[in-house]
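These notes concern the structure reproduced below.
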Amino acid sequence: SSLRLSLPHLQLMEGHCLDGNQGIYKVQEFLGNGSFGNVVKCTKLGSQECYAIKIMNCSRAGQEEFEMMKLIKDLDPDENHLIKMFECFTFHSVTCIVYELLDVSLFDSYKRDSSTRTHLCLIRVIAQQLLKALKALKSIGVAHCDITLDNIMFTDPDSVNVKLIDFGLAVETKKLSTETDIQVTPFRAPEVILGLPLDESVDMWALGVVLACVYFGNYPFPSKTEYETIRAMVQIFGLPEAEVLHKAKNKAAFFTRDNSDWRLCTPEEYTETTGQQVEIKNHVINLDAMIHEHRDMFEAHDDDDHRAFIDLLKNMLEVNPQNRITPIQALEHDFITMKHLAGKSKAVYAGKAEESQTHSSINTR
Ligand SMILES: Nc1ncnc2c1ncn2[C@@H]1O[C@H](COP(=O)(O)OP(=O)(O)OP(=O)(O)O)[C@@H](O)[C@H]1O
């Protein structure tokens, strides 16, 4: 797509050059934009190499993203499925961050055909890669805080290799407090909505929502209002434990007590407390029933594999963050290790699962 970027200090068009510290970058095309910046594809003069340069709207946000990238720079970006940064420079007072060029986001890849369900063998590969990313971030005490379908990108069109991008909202876990306003709906964890202490397990919740999306072809929780989200969570997983409700600073908006028993507020009660109107759409998924849709959709199907996936998903979407599965535990889960696919009767399916580690062809019937 053609490019014409107008920032206060910088007018940019295709063919213009950006002077970096490690080379001069020639602008080729516009790749995308977000709330913090515009991303352009560039080639480095004198080489064939292509890069994605994020041109920040605001230098403070640019510095914060750069500082965070420096914090994670010792983590191997390829092993850990994190975007690779090459350099950061200021050009005409605008902060530019040079990243590796990636292909499409999970969001754009699913937008093409929203009815698409993804085969479990592909979901496994994506899940394993992103769990490695979460494990690496947790090991250095960093929470991404903005895991969405947009912020996960495939590295190239021919293989299943994803990377986590956009560390603009990432924080050191120790700096997260109950009041920190993080994550976007519909990826926001219940502890953020309910006002509970926060840590990096917010990312595990968001990853659970991402995997649920690619499995169902839709968001698992409605999110027009936070009430709808909490209501769906209660319908799927039951009322949060008393211990969770006890600590939740924002519980009064969502829950009330009849005698000594907690219950979900009615939509009318929620509107009365918050002033927000609620529209109940009743779009609540039944995790266990999804197995039938997948069974009809793909030739290669294994019920045990589905049960393993749903079990992992329920552990990732555990409402109480203290009981939520950790990245290390999730990487040891049967769905990832494929322990449940051992044995002769599973050999054909297990073979397809192995194949999908390198090819993306299993998505088609
Ligand atoms: N490395 C990359 N390679 C190719 N395209 C990219 C790359 N990084 C980002 N993009 C594209 O640019 C878009 C915006 O990037 P990014 O999410 O980093 O910006 P942002 O301003 O922080 O966005 P947000 O509003 O989601 O916080 C992405 O959705 C993607 O389409």
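Ligands are counted one by one from 1 in listed order, and the atoms in each one are counted from 1 as well.
When each atom of ligand 1 is checked for a heavy atom of Ala52 under 4.0 Å away, the hits are 1 (N), 2 (C), 3 (N). Every atom of ligand 1 with a heavy atom of Glu100 under 4.0 Å away is listed here by number and element: 1 (N), 2 (C). Using a 4.0 Å cut-off to heavy atoms of Ile83, the atoms of ligand 1 that qualify are 1 (N). Atoms of ligand 1 lying under 4.0 Å from at least one heavy atom of Lys54, given by number and element, are 16 (P), 18 (O), 19 (O), 20 (P), 22 (O). Within ligand 1, counting atoms from 1 as listed, the ones closer than 4.0 Å to a heavy atom of Asn151 are 17 (O).
Of the candidates Asn38, Thr148, Asn33, it is Asn33 that places a heavy atom closest to atom 14 (C) of ligand 1.
Closest to atom 28 (C) of ligand 1 among all protein heavy atoms lies Ile165 CD1, 4.3 Å. Looking at atom 21 (O) of ligand 1, its nearest protein heavy atom turns out to be Phe36 N, 2.7 Å. Here the heavy atom of the protein found nearest to atom 31 (O) of ligand 1 is Leu31 O, 4.1 Å. Among all non-hydrogen protein atoms, the one lying nearest atom 27 (O) of ligand 1 is Asp166 OD2, 3.0 Å. In terms of protein heavy-atom proximity, atom 29 (O) of ligand 1 is closest to Asp150 O, 4.1 Å. Closest protein heavy atom to atom 3 (N) of ligand 1: Leu102 N, 2.9 Å. For atom 12 (O) of ligand 1, the nearest protein heavy atom (residue, atom name, distance) is Val39 CG2, 3.4 Å.
To the nearest 0.5 Å, atom NE2 of residue His333 and atom CG of residue Asn315 are 5.5 Å apart. Asp302 CG to Leu341 CG: the interatomic distance, rounded to the nearest 0.5 Å, is 5.5 Å.
A salt bridge links Arg307 with Asp304: the closest approach of a Lys/Arg side-chain nitrogen to an acidic carboxylate oxygen falls below 4.0 angstrom. One finds no salt bridge joining Asp305 and Lys346 here, because no Lys/Arg side-chain nitrogen approaches an Asp/Glu carboxylate oxygen to under 4.0 Å. One finds no salt bridge joining Glu228 and Arg231 here, because no Lys/Arg side-chain nitrogen approaches an Asp/Glu carboxylate oxygen to under 4.0 Å.
Cluster annotation: Phe167 and Leu198 are assigned to distinct hydrophobic clusters (Ile/Leu/Val/Met/Phe/Trp/Tyr, side-chain heavy-atom contacts under 4.5 Å, transitive).
Under 4.0 angstrom from ligand 1, the non-hydrogen atoms of Ser35 come from both its backbone and its side chain.
Side-chain N or O atoms of Gln129 include one that pairs as donor or acceptor with a backbone N or O of Val160 at under 3.5 Å.
The shortest N/O to N/O separation between Gly37 and ligand 1 falls below 3.5 Å. Geometrically, ligand 1 and Glu65 share no nitrogen or oxygen pair separated by less than 3.5 Å.
Here the options are Tyr99, Phe66, Tyr51, the test is ring-ring contact (aromatic ring centres under 6.0 Å, His included), and the partner is Phe86; only Tyr51 passes. With Val142 as the fixed residue, the side-chain contact (heavy atoms from CB on, under 4.5 Å) test singles out one of Met68, Lys174, Glu200: Met68.
Here the shortest heavy-atom pairing between Ala143 and Thr173 reads N-OG1, 3.8 Å.
Judged by the 6.0 Å distance and 45° axis criteria, Arg124 is not positioned over the aromatic ring of Phe309.
Note on ligand 1: Met153 sits in its first shell, one or more heavy atoms being nearer than 4.0 Å.
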